[in-house]
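Written out below as structure tokens is the structure these notes cover.
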2 protein chains.
Amino acid sequence: MTDLAQALFAPRAVALVGASGDAKKNTARPQRFLARHGYAGTVLPINPTRAEVLGAKAWRSVADAPQPVDHAFIMIPEVEQAIEDCGRSGVAVASIFSDGFADVGPEGAARQARLVARAKELGVRLLGPNSMGVIDIPGRLALTVNAVLEMDALPAGGASIVSQSGTMLGTVLSRGAARGLGFAKLVSVGNEADLGVGELVELLADDADTRVILLFLETVRDAERLAAAARRAHAAGKPVVAYKLGRSALGERLARSHTGALAGSDAALDAYFRDCGIVRVDMLETLIEIAPLIAGRAPVRLSRPPRVAVVTTTGGGAASVVDRLGLSGIETVAPGSDAPIIDLTMAGTSAQYAATLASLLASPECDAVLAVVGSSAMFHPQHAVEPILGAPRTAKPLAAFLTPHAEQSLALLARAEVAAFRTPEACADAFRAYFAWRAPRGISAEVLDLRLQEKKFDEKSSLELFASLGIETAASQVARAPGFEHSLPYPVAAKILSAEIAHKTEAGGVILGIGNRAEFERKVPSLKSNEILVQAMQDGLAEAIVGYRDDPMVGPLALVGAGGVTAEVYRDVVLALAPVSVEEAEEMIARVKGFAVLRGYRGLPRGDLRALAQTLAALSRLALLPGRPVAEAEINPVIVKRSGTVAVDGLVLPKA
Amino acid sequence: MTDLAQALFAPRAVALVGASGDAKKNTARPQRFLARHGYAGTVLPINPTRAEVLGAKAWRSVADAPQPVDHAFIMIPEVEQAIEDCGRSGVAVASIFSDGFADVGPEGAARQARLVARAKELGVRLLGPNSMGVIDIPGRLALTVNAVLEMDALPAGGASIVSQSGTMLGTVLSRGAARGLGFAKLVSVGNEADLGVGELVELLADDADTRVILLFLETVRDAERLAAAARRAHAAGKPVVAYKLGRSALGERLARSHTGALAGSDAALDAYFRDCGIVRVDMLETLIEIAPLIAGRAPVRLSRPPRVAVVTTTGGGAASVVDRLGLSGIETVAPGSDAPIIDLTMAGTSAQYAATLASLLASPECDAVLAVVGSSAMFHPQHAVEPILGAPRTAKPLAAFLTPHAEQSLALLARAEVAAFRTPEACADAFRAYFAWRAPRGISAEVLDLRLQEKKFDEKSSLELFASLGIETAASQVARAPGFEHSLPYPVAAKILSAEIAHKTEAGGVILGIGNRAEFERKVPSLKSNEILVQAMQDGLAEAIVGYRDDPMVGPLALVGAGGVTAEVYRDVVLALAPVSVEEAEEMIARVKGFAVLRGYRGLPRGDLRALAQTLAALSRLALLPGRPVAEAEINPVIVKRSGTVAVDGLVLPKA
């Protein structure tokens with residue numbers, strides 16, 4: 001264990017700064033909770049106005065403490081002074097419950113920055129401010145104000161959780177405890193002024209009690225560190241699972257490029273989680289229930305839809321989960337039969353049930369096994385779950401869904417580390433998340449030897465940049481007033497040439513399909529521009545949008561979607577961390593629904609999706625430019641032909 | 001109470017045909033359950049091999065019963081003989097647990113048809129076969145084999161449920177009971193050979209104990225009767241809520257028209273539920289939890305997104321439900337402030353909390369109120385929910401979401417008939433369903449005075465039928481070999497004229513944009529047809545698909561979607577029971593996402609969506625043809641112009 005982990009999770013002595021003698025106050029809780037849950041170290045209440053607090057001798061300040069303190073829990077408004085005291089006394093970690101920092105606006109943020117700088121000078125690591133504290137269940141540390149610790153017995157388990165919401169730790173703990181699902185470590189990170197989610201995941205990746213790492217997130221503040229930590233956890237065989245709020249803010253942003261609007265922060269994070277090997281769950285209950293499903297397992301890659309074998313003794317109960325699995329694109333199978341499920345209602349001895357489970361777990365025809373248990377789970381828990389508890393442990397996941405209210409059965413399954421679900425929805429969500437799980441992607445560290453010449457890009461220079469990346473672009477010439485001479489063959493398109501107008505079509509700055517010189521001369525004056533771009537018209541099967549964006553939260557992203565308004569209206573785009581290889585680009589393209597028209601849908605001719613993948617991969621290499629000078633870039637549209645693609649319209653926005 | 005309702009739910013004497021003396025057998029359960037739950041009538045075990053069963057005198061057959069029997073519960077394979085006995089003894093209702101009828105294929109279905117016919121002759125109404133029976137909690141009738149009745153105390157409540165899955169009654173009952181949510185009547189309909197879901201909803205609409213009617217459905221077997229029953233329940237102020245399986249089968253059907261493929265059975269049922277005023281929930285737990293949210297309430301119609309005021313004492317807990325509401329298009333508001341929620345964490349006296357709830361319930365700025373309760377719900381239930389229990393009862397829904405595991409708080413809220421939710425997802429699902437709820441639509445009973453002349457329709461005659469409905473169609477002429485003469489101005493389209501080829505484009509049977517006579521003569525031979533349809537080419541802003549389908553399950557439907565492949569790839573179509581008025585058609589069109597391009601999206605010109613609505617309404621009038629001879633009809637595409645629409649391609653499939 002590192003010194004930091006030791007001070008944070010297993011301190012030999014803790015100081016409770018601002019510990020109250022009024023047992024009803026929040027600030028009295030840590031002392032009560034530490035005692036209640038059997039903390040074996042020394043508890044030092046710090047309170048300058050009292051000689052004792054709740055029966056323990058109190059000290060005026062951390063600096064007065066009679067022995068070395070590993071971890072201080074600060075609950076007073078005078079945080080700065082407390083940190084000075086900690087620094088003077090060699091306290092390794094201070095968890096700050098007090099708020100009034102970045103949580104209250106710019107002034108608080110400035111206060112926080114000063115605090116962090118000073119703590120660094122003093123050598124004190126900070127958790128919070130605005131943190132509810134740290135709980136280590138096997139270690140019997142309940143250094144928190146979270147009321148959920150009023151519970152008597154906290155079951156221990158192999159899942160640890162890092163949460164940006166302190167109260168949600170209580171939700172997770174209490175809901176888990178009610179059904180026998182335990183946890184190892186629980187950390188409320190608050191404002192993440194110093195210790196962030198990423199660094200905590202690093203610590204948990206190395207933690208002997210932790211087998212699965214759960215994240216409750218409202219945002220990501222340290223994407224690079226978290227990405228590295230997720231890799232480390234993956235290497236240690238510990239899955240990382242995230243539940244993230246803020247999904248509905250999607251699309252609220254105003255953005256100059258379509259790519260900006262489409263790569264909303266939630267879509268960006270989704271790609272980030274996927275590429276970092278982080279399992280993303282959709283439902284809150286899944287976060288609590290999924291750990292045993294993935295603990296000790298690795299991501300699987302299938303070249304066909306996932307298949308779950310469903311064994312049941314209750315037809316109606318199984319139907320509700322089969323339906324939900326189907327909605328997630330997961331097939332349910334009964335190997336050796338045409339039925340969608342294996343109904344043992346009639347056949348049902350325990351031995352037969354056990355034999356069926358064993359044979360399914362060994363069968364190559366399914367990728368996971370789900371046992372659905374009916375009313376017996378309520379009235380005869382031991383008997384109902386016995387064959388499930390006795391099933392062999394394999395790389396293939398085995399889970400249970402219990403149709404009635406059956407807490408005892410849930411607890412038996414939890415104790416045996418078999419995943420069990422209360423609702424068909426969370427069950428299907430967990431399987432969906434499991435099958436969507438990928439190993440962390442390797443991201444190229446190559447450097448692209450190319451220099452941006454311009455500060456502003458117009459259509460012409462944007463297309464030239466794309467061409468320099470190896471992207472096929474439409475032949476074009478700049479034509480100038482008064483004659484607007486050019487030598488391209490008709491039909492042509494004419495466009496305003498301007499670095500100021502991002503959406504030229506909407507601004508009336510594009511004329512398509514000009515058939516001859518006379519039409520050209522008649523129409524071009526309507527563009528009201530002395531300089532226009534003339535392009536050879538391009539014929540193809542369909543349009544696509546290909547984009548690049550250096551996201552402020554997660555870094556460079558590649559984006560691909562169907563062209564026209566489809567991508568935006570249906571949000572039918574796929575994102576990944578940039579750069580992407582051609583093969584990775586092909587996989588992204590395979591996930592765009594609208595490209596059905598290019599995959600032979602209803603007998604339509606097939607488009608050159610390999611060439612589209614090459615274009616996407618090439619554009620995504622903007623991420624390899626030294627210093628990453630490009631904020632956003634997009635080709636909209638790329639024309640996809642039977643053979644090849646051609647970039648017709650481009651936009652490059654350098655960083656300010 | 002009708003005689004039927006009395007015999008079904010409040011029989012004075014029940015006969016248990018096949019009652020077993022072995023207490024462990026399923027067939028011993030009804031007798032045990034009736035006793036355990038305090039049935040006050042007479043229980044008559046029928047068993048020809050025994051003199052007594054579980055302490056009660058047994059009878060050889062129903063015909064030997066010593067007193068009149070209202071309701072027989074049949075558990076023996078010899079169902080036919082039992083029904084004969086029932087008929088002879090004047091038994092009003094027989095619930096049949098035995099299976100082996102329509103549940104086992106065509107032979108069983110034939111057996112079932114014979115049984116129903118004979119029962120009708122005998123004057124015996126049937127529930128089942130394959131029914132788990134009937135439970136009336138306030139009436140203390142537990143006439144069922146469902147193991148969940150092993151529970152000691154069954155809480156009574158105002159929700160009744162009709163289920164096509166017998167085991168799901170147990171799921172619903174046990175999960176409700178664990179949190180104090182009670183039920184009135186529970187009916188397992190089995191195969192619905194006689195008494196169907198619709199007729200049971202009629203009975204429940206008139207039932208004094210029932211305030212909300214819940215349906216657990218796998219299919220709909222009696223759409224017309226259920227529609228009428230839903231209207232009756234609506235008139236009686238009783239909301240009807242449906243959870244339906246089989247959603248993932250969507251799109252599996254092969255269909256000749258696009259409309260057929262798009263109006264899959266789940267999409268058809270969704271339109272049916274909506275137009276019948278049935279609230280459809282997405283999640284199983286919502287079915288259990290939603291009743292208090294809608295009991296005694298009526299559908300609301302808003303001309304803006306719904307607004308829920310969220311009051312909380314736990315920021316993180318509220319965020320999870322706010323996020324989910326947002327994903328359902330529901331805004332969260334704090335009237336009088338810009339914040340998305342009202343956080344009373346700091347302000348928190350009970351009196352302030354109560355005053356806040358009262359003022360929100362009276363405020364015109366929100367449409368519902370949600371109280372989010374944190375850990376206090378777990379440790380101080382009475383105190384935590386007190387202000388919620390004391391809130392005024394208004395037409396505006398008030399609900400609670402409890403973040404920790406808190407069964408006592410849930411029970412307090414249930415007893416006070418305040419909707420309470422365990423998960424953010426079910427909470428948001430319930431609000432979504434509530435706001436999507438509409439009063440049953442009036443469907444025109446007009447008869448259309450028009451006769452179908454053809455048995456088979458080609459392109460030409462299809463367009464003629466549409467024209468006769470008042471739909472604007474493209475000018476067209478039939479041209480015949482060898483000269484293929486026509487008098488339409490160029491450019492034109494040329495199409496194979498055939499009633500056999502539904503998808504002419506895919507079959508290579510359409511040539512678009514023929515610019516002049518020479519091109520026409522050069523290209524037309526490639527159609528390899530002696531008879532072609534020549535049409536004036538149409539210019540417009542976008543394409544749409546407008547369809548009609550007489551669905552075998554729910555009857556006539558109107559469909560509208562964006563044109564091209566969009567409708568199918570993204571399932572972006574809207575359905576309603578046909579016929580629809582122009583105003584109803586406009587509302588359908590407003591729900592098609594892809595029509596964003598015709599609504600002024602990104603400065604694009606607006607299309608004439610009123611004219612599209614007129615086209616949709618006109619086509620939907622095929623539902624008014626005497627005898628409803630049309631199986632499917634579609635216009636694909638309809639060209640939408642700045643002013644007006646024009647039908648370009650048509651398909652009419654009469655019933656076989």
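Just so we're on the same page: letters track the sequence lines, and every chain starts at 1.
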Heavy-atom pair count under 4.5 Å with chain B, highest-scoring of A/E407, A/R179, A/K593, A/E425
A/E425

Surrounding CD of B/Q408 (heavy atoms of other residues, nucleotides or ligands, distance under 6.0 Å), is the total greater than 12?
no

With a 4.5 angstrom heavy-atom cut-off, which part of B/A147 approaches chain A: side chain, backbone, both or neither?
both

Counting only heavy atoms closer than 4.5 Å, note whether B/N146 contacts chain A via side chain, backbone, both or neither.
neither

Does A/S131 offer a backbone N or O that forms a donor-acceptor pair with the side chain of A/S188 under 3.5 Å?
no

Under the 3.5 angstrom rule, does the side chain of B/D429 hit a backbone N or O of B/T286 as a donor-acceptor pair?
no

So, using side-chain contact (heavy atoms from CB on, under 4.5 Å) as the criterion, who are the partners of B/T403 when residues are at least two apart?
A/T171, B/T314, B/V372, B/F401

Residue among B/Q164, B/E218, B/M168 satisfying side-chain contact (heavy atoms from CB on, under 4.5 Å) with B/L245:
B/E218

Turns out that what part of B/M283 lies under 4.5 Å from chain A's heavy atoms comes down to both

Given B/A319, B/G166, B/S163, B/A177, the one with more heavy-atom pairs under 4.5 angstrom with chain A than any other is B/A319

One option among B/L173, B/V172, B/D282 has the most heavy-atom pairs under 4.5 Å with chain A, and it is B/D282

Report which part of A/S174 has an atom under 4.5 Å of a heavy atom belonging to chain B: side chain, backbone, both, or neither.
both

Would a distance-only check, ignoring hydrogens and angles, find a side-chain to backbone donor-acceptor pair under 3.5 Å from B/T144 to B/M132?
yes

Do you know which of B/G594, B/G374, B/A426, B/G170 has the most heavy-atom pairs under 4.5 Å to chain A?
B/G594

A/V597 versus chain B, the contacting section by heavy-atom distance below 4.5 Å
side chain

Output yes when a side-chain donor or acceptor of B/E289 lies under 3.5 Å from a complementary backbone atom of B/R422, and no otherwise.
yes

